[in-house]
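Down below is the structure, laid out as structure tokens.
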2 protein chains.
Amino acid sequence: MRNPKGRAQPNDLSVGEMAQRAGVAVSTLHFYEAEGLIQSWRTSANHRRYDRRMLRRVAVIRVAQGLGIPLAEVGKMLEKVPMEGAVRKGHWSDASEAWRGALEARIAKLQALRDQLDHCIGCGCLSLENCPLYNPNDSLGEAGPGARRL
Amino acid sequence: MRNPKGRAQPNDLSVGEMAQRAGVAVSTLHFYEAEGLIQSWRTSANHRRYDRRMLRRVAVIRVAQGLGIPLAEVGKMLEKVPMEGAVRKGHWSDASEAWRGALEARIAKLQALRDQLDHCIGCGCLSLENCPLYNPNDSLGEAGPGARRL
DNA sequence: GTGCGTCCTCAAGTTCACTTGAGGTCAAGC
DNA sequence: GCTTGACCTCAAGTGAACTTGAGGACGCAC
């Protein structure tokens with residue numbers, strides 16, 4: 001990506017600037033770029049330059065990370081939002097729609113945990129079968145890290 | 001732990017039984033035990049036997065895991081509940097109390113994400129400074145995996 | 001022309017939460 | 001007496017999400 005706009009964009013950000021403004025390490029941006037989550041173009045000195053919209057993408061990635069959603073999922077969601085060309089509001093809302101169900105489920109689960117932690121744990125219903133909280137098979141980032149079965 | 005009760009407890013569970021009932025792999029139980037999250041005694045054949053209350057501990061661990069809370073945090077919370085002797089309801093509610101604040105915060109964050117995903121992402125406020133969602137420094141499992149700075 | 005700061009790449013290291021594998025014990029059933 | 005199944009230990013591997021380190025390039029300032 002060697003400056004697709006064909007000219008210098010003084011508003012574009014260097015890695016250092018991006019890192020500072022997004023609150024992440026430079027190495028993290030390198031990593032996200034290698035994973036295809038964000039994109040940059042290069043100056044003649046081979047330095048990265050980021051369009052400001054990448055800031056928004058990074059912010060979304062971090063929020064999702066904070067909620068325990070794996071990068072692969074975030075990546076799928078972000079595919080709906082173009083990196084170049086016009087980004088309409090509709091792109092983002094299309095993307096967000098895909099997450100609504102999972103978010104709702106997560107909220108419900110957390111609320112159930114909060115409301116029932118005393119009672120539910122106290123009464124033993126967390127011993128599995130009857131508990132509304134304990135449902136091993138749900139998706140979107142609930143798998144967690146670690147080696148998985150083949 | 002060589003049967004502290006001094007006699008066979010026919011209601012106690014083997015690893016296999018525990019694994020099946022808790023919905024986790026046998027290796028996971030070995031791992032949790034090595035981490036001090038659960039406890040067992042051994043038969044004369046050196047096989048593990050679990051008190052039924054360990055089922056509840058495992059369930060709590062799994063729920064917490066599903067919410068992205070790291071094992072170290074879960075361990076601290078579980079320290080409040082004794083592994084042997086009488087477990088009173090108060091033990092669990094004491095333990096749960098420590099989590100309330102963090103759970104509330106998490107719920108609020110998720111709700112904000114749900115309610116504002118369209119608008120917030122669409123309008124660009126996720127570009128950091130103004131966004132109620134994007135707050136890099138909070139605790140209880142929001143750090144995520146990976147190498148950390150020394 | 002010599003620092004200094006910022007950037008580059010690529011390989012290897014790290015943490016967490018497990019899983020997998022090799023090699024072995026023990027009790028029950030045929 | 002041999003196989004089968006469930007269990008044991010200990011070491012090493014795995015995947016995700018990064019970080020750290022080595023070695024080097026570029027551009028500006030003095």
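We name chains A, B, ... by the order of the sequence lines, and we start the count at 1 in each one.
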With respect to the phosphate group of D/dC7, does any side-chain polar atom (N or O) of B/Ser14 fall under 4.0 Å of OP1 or OP2?
-> yes
Sugar-phosphate, base or nothing in reach of A/Thr28, heavy atoms under 4.0 Å = sugar-phosphate
Rounded to the nearest angstrom, tell me the gap between atom NE2 in B/His30 and atom P in D/dC8.
-> 5 Å
Report the distance from atom CG of A/Leu71 to atom C1' of D/dT19, rounded to the nearest whole Å.
-> 15 Å
Would you say B/Tyr32 reaches C/dC18's phosphate, i.e. side-chain N/O to OP1/OP2 under 4.0 Å?
-> yes
In whole angstrom, give the distance that lies between atom CD of A/Glu33 and atom P of C/dC7.
-> 13 Å
Considering all heavy atoms of both residues, which atom of B/Val58 and which atom of B/Ala22 are nearest to each other, and what is their separation?
-> CG1-CB, 3.7 Å
Would you confirm whether B/Glu73, through its side chain, and B/Pro70, through its main-chain N or O, come within 3.5 Å as a donor-acceptor pair?
-> no
Considering just the side-chain nitrogens and oxygens of A/Arg62, establish if one lies under 4.0 Å of OP1 or OP2 belonging to D/dA17.
-> no
Is any side-chain nitrogen or oxygen of B/Arg42 closer than 4.0 Å to OP1 or OP2 of D/dT9?
-> yes
Nearest heavy-atom contact between B/Gln65 and B/Leu71 is NE2-CD2, 3.5 Å
By nearest-heavy-atom nucleotide on DNA chain D, the more 5' of B/His47 and A/Ile61 is B/His47
Phosphate oxygens OP1/OP2 of D/dA16: is one of them under 4.0 Å from a side-chain N or O of A/Gln65?
-> no
Identified side chain to side chain contact (heavy atoms under 4.5 Å, CB included) partner of B/Ser40 from the options B/His30, B/Arg49, B/Glu33 | B/Glu33
Hey, is the side chain of A/Arg48 poking within less than 4.0 Å of OP1 or OP2 on C/dC7, counting only N and O atoms?
-> no
In whole angstroms, how far is the P atom of D/dT20 from the CZ atom of A/Phe31?
-> 14 Å
To the nearest angstrom, the CH2-C1' distance between B/Trp41 and D/dC8 comes to 16 Å
How long is the line joining CG of A/Leu37 and P of D/dA17, in whole Å?
-> 9 Å
Regarding A/Asp12 and A/Trp41, is there a side-chain donor-to-acceptor distance under 3.5 Å anywhere?
-> yes
What nucleic acid atoms does B/Val26 come within less than 4.0 Å of, heavy atoms only: base, sugar-phosphate, or nothing?
-> nothing
How close or far is atom C1' of C/dA17 from atom CG of B/Leu29, stated in whole angstroms?
-> 14 Å
For A/Leu13 and C/dC7, give me the distance from atom CG to atom C1', rounded to whole Å.
-> 15 Å
